[in-house]
Amino acid sequence: MKNLNKLSSLLLGTALAATAVSASGTLEKVMKERGLTENDVIRAAKTYTPTGGREDYIVFSSGGQSGQMIVYGVPSMRILKYIAVFTPEPWQGYGYDVDSTKILRQGNIRGREINWGDTHHPALSEKDGKYDGKWLIINDKANPRIAVIDLLDFETKQIVVNPIFKSDHGGAFFTQNSEWILEACQYAAPYDNNYHPIEEYKETYRGGVTVWDFNPKEGRIHPESSFTIEMPPYMQDLSDAGKNASHGWGFTNSFNSEMYTGGIEVGMPPFEAGCSRNDTDFLHVYNWEKLAKLAKDKKNVKVINGHRVVPMDVAVKNNALFLIPEPKSPHGVDVSPDGNYITVCGKLDTHASVYSWPKIKKLIKNKDFAGRDPYGIPILDMKKALHGQVELGLGPLHNQYSNVDGEIYTSLYVDSQVVKWNYKTLKVLDKVNVHYNIGHLCGMEGKSADPQGEYIIALNKLAIDRFNPVGPLHPQNHQLIDIRGKKMDLLVDMPLPLGEPHQAVAIRASKLHPEVRYKMGTNTKTGKIHEGKTLAGQERIERDGNNVKVYATMVRSHINPERITVNKGDNVTIYLTNLERAEDETHGFTVDHYDVHASLEPGETSAINFIADIEGVFPYYCTEFCSALHLEMMGYLMVKDPNKKYVSAQKLKMKTMSPEELKAEYDKTVAVNAATDAVIQSVVKFLKENHYEKYPVVKNLVVDALDQYGKIPAEKKKSDEAVAAGDLDKAILFENMIWQYMVKTADVGIRAKDTLVKKVATKQSLSAERGERAFNEGGCSGCHVVGKVSSGPDLTGVLQRHENAEKWVADFIKNPEKKFSDPYVKAMIDYFNLKMPNQHMSDDEIKDIIEYFKWIDDNANLF
Ligand code: CUK
Ligand code: CUA
């Protein structure tokens, strides 16, 4: 990171010396034109990520009302992915193919389909309180559910419905070894599914915390071994799991200890008035570890809707549930990395309250209670439990930690600020303005036991004037703040047009290791081999009564089979296997008019299902532009009505080729294939000689190229059979197919070769790197191809061809016309029938290009 700072000052230094940094102007000029200050340019350099660059951190943000998750990178703030979770998402096929729809339907509640979610709190799985990069979970506030996402492929694998809550906000939170997930209720309601009058709120409405049993090895929640801790109807809010010193315990806020039930329509003041009447609400402190053990015994639980609930009196009797007053209408509660401090922010209080875990523990141990609530839960004395309080500003909401001991960052909703302070010394250190009305804030691993510091992201509720207007509904605004210096520095805004991002979590990019392809035939939703797995040669259509099953494959650039004929009313299932091994070679699949779509990543098998209830001819096609012949990747679904008689159309007479013409075309096609194969063989030889297998990136490409190449013998056999049967027309088609495979092989093979050259060649100096760019962008590469004579001479060895060559070449680039009468140049002009044009390169660019030529000569054997 220090490098970045150095880089930007370097950049600026050179800028002020008016050195060219781009073809279209100097930095100084660009700054002037765009009205940028020096600080703007430093901020740009801190966040700008050149093409192909990578991020330091990956952020997972809730997508709010979109029911999805958003993945983006830090420091560039570039969006990388939306993860479909509670909402259908057609690009990924989510909710449009059979297997993902099964996941989505796990979220049905009381038999009803729910097709959206209000996502709030994502959490990353932990080992010893530190992120392990394996699993991601998120809650749905509107329809109390938790979803599990696998970070091997960033796909949703499970949705679990809370069987007794009617809403859920304070979830999801992992315990420090991901053994449990805490999910707190929000709006209290009856646990059962019956009507209970609001007048019986205190008696029959309940809050609580569900403790979900999570298996971190398989990444699944086990509802049968999960349980809920019954709590009073205080409107439980955000929660956090204790860690290190406080491991085994959970902490949950609440905002309606008044148990007010509103009633504007009957002349009562609204909820907001009644819920903020008391000066304090309650922080719930509970020993989930002890309660998990108790819940195993039938006599300690009530079973409601098939789910185990530990009643309040059982929890109280076993010293596992306590309350501590906290300033009114609190919101965030955040446990420090060592587990010893618990910071609570009150929306209506200007203070943050820091509770001391050792003090709380002592009060519990000594049964030093200040009283009991109406339900008999012991209340600890607030003053005795507090480490201290600090005045931060208006509307403190949420907290994040940094790598500096005691340092904490808090969002101030009303003040629209982030405040940096110290929860041990209780001193305010710095404030920065954000735009506007910040909710959560996201530190880098900022709530784990190993926070990294570096950045804070402000997740603002309002954007107002930050972006070009796009109508009354504004984008959300995420702002990246540099916290490495003494003062916080706001670097950049990112508009997010998806939903309200309540909370986001960030992890070091180096901890994530997603896959690039699946094992062939994988059902990505279960991780098992799909029942519809189909390999090349196994494609078929099976009929059983009205059920038609199509076993299809997809590979650049065809779908097999290409014609499917069914009867109107048939129940059609099409299993699709993407046979590709290439990175990023996804195929999509749809049948027009039938509202189905699948996204097939390399190796994936998926299924679509529909009743063919409308007659007609329906193209189906690949929906991803996967190759030059992507448009040709199609077929026809033909639905006929078995009760109708169809008259066949009269055949048109068309001219066909003569046998001689056919033979000539066949010979030509075979010859082209032989020539193409020679190119492939030379590339293969190069790859082998240079040990491509040592470089994973290159190896992936070669696996793909050989995969394509391996399909050729089968086509050749069919071509030869057609020749033997005297059907040259068909043979030509198969030869063309061979050529298609060859082109795909060569395409990837050459990419592999180019990548390998860069890997095995000596490292380019910065100057040579700039030279290569100038060479390619400045027009030289239009005529010169390195390693080959093309419209101009090969430049390999150009520095050996002349006396005092560096100067000679430099002069020639600078002023080609001056050398046109030089005998050597004259000969070249005659040979190529072209004169080298003046490309108006600067002296610096010419110097760099010469460095590039030197690099070429050093690696001449590779070109
Ligand atoms: S909540 Cu939205 S600002 Cu749902 Cu975590 Cu606090
Ligand atoms: Cu496959 Cu387009």
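For ligands, and for the atoms within them, numbers begin at 1 and follow the listed sequence. Just so it is clear, the structure is predicted and the values come from calculations on it, not from any experiment.
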Exercise. Checking salt bridge (Lys or Arg N to Asp or Glu O under 4.0 Å) for the pair Asp140/Arg145: CA distance, chi angles, key distance, verdict?
Worked result: CA-CA 5 Å; Asp140 170 9; Arg145 302 180 289 180; 2.9 Å; yes

For this session: Determine whether the aromatic ring centres of Tyr234 and Phe255 lie less than 6.0 Å apart.
Result: no

Seminar exercise, completed: Under 4.0 Å from one or more heavy atoms of Gly439, ligand 1 contributes atoms 3 (S)

Problem set entry | Intermediate values then yes/no, ring-ring contact (aromatic ring centres under 6.0 Å, His included), His440 and His502 | CA-CA 6 Å; His440 274 273; His502 288 271; 7.2 Å; no

For this session: Look at the N, O or S atoms of His120, main chain and side chain alike, and state whether any lies under 2.8 Å from atom 2 (Cu) of ligand 1.
Result: no

For this session: May I ask you to check if Arg563 and Tyr636 form a cation-pi contact, with NZ or CZ under 6.0 angstrom from the six-membered ring centre and within 45° of the axis?
Result: no

For this session: Inspect the contact between Asp704 and Arg556 and indicate whether a charged nitrogen and a carboxylate oxygen are less than 4.0 angstrom apart.
Result: yes

Problem set entry | Test: Lys447 cationic atom under 6.0 Å from Tyr131 six-membered ring centre, within 45° of axis | no

For this session: Answer with yes or no whether His398 contacts ligand 1, where contact means a heavy atom under 4.0 Å from a ligand atom.
Result: yes

Problem set entry | Close-contact set for ligand 1 against His440 heavy atoms, below 4.0 Å | 1 (S), 3 (S), 5 (Cu), 6 (Cu)

For this session: Sort out for me which residue in His331, His284, Lys347 forms a side-chain hydrogen bond (donor to acceptor under 3.5 Å, both in side chains) with Asp237.
Result: His331

For this session: Give the atoms of ligand 1, by number and element, whose distance to some non-hydrogen atom of His331 is under 4.0 Å.
Result: 1 (S), 3 (S), 6 (Cu)

Problem set entry | Ionic contact status for Glu500 with Lys461, cut-off 4.0 Å | yes

For this session: Verify the distance test for His169 against atom 4 (Cu) of ligand 1: any N/O/S atom under 2.8 Å, yes or no.
Result: yes

Problem set entry | Name of whichever N/O/S atom of His502 is nearest to atom 2 (Cu) of ligand 1 | ND1

Problem set entry | Sub-4.0 Å atoms of ligand 1 with respect to non-hydrogen atoms of His121 | 1 (S), 4 (Cu), 5 (Cu)

Problem set entry | Under-4.0 Å heavy-atom contact with ligand 1, by part of Lys141 that carries it | neither

For this session: Specify whether an N/O/S atom of Cys622 falls short of 2.8 Å from atom 1 (Cu) of ligand 2.
Result: yes

Exercise. Atom 1 (Cu) of ligand 2 as vertex, arms to ND1 of His587 and SD of Met633: angle to 10°?
Worked result: 100°

Problem set entry | Closest approach of any protein heavy atom to atom 3 (S) of ligand 1, naming residue and atom | Lys461 NZ, 3.2 Å

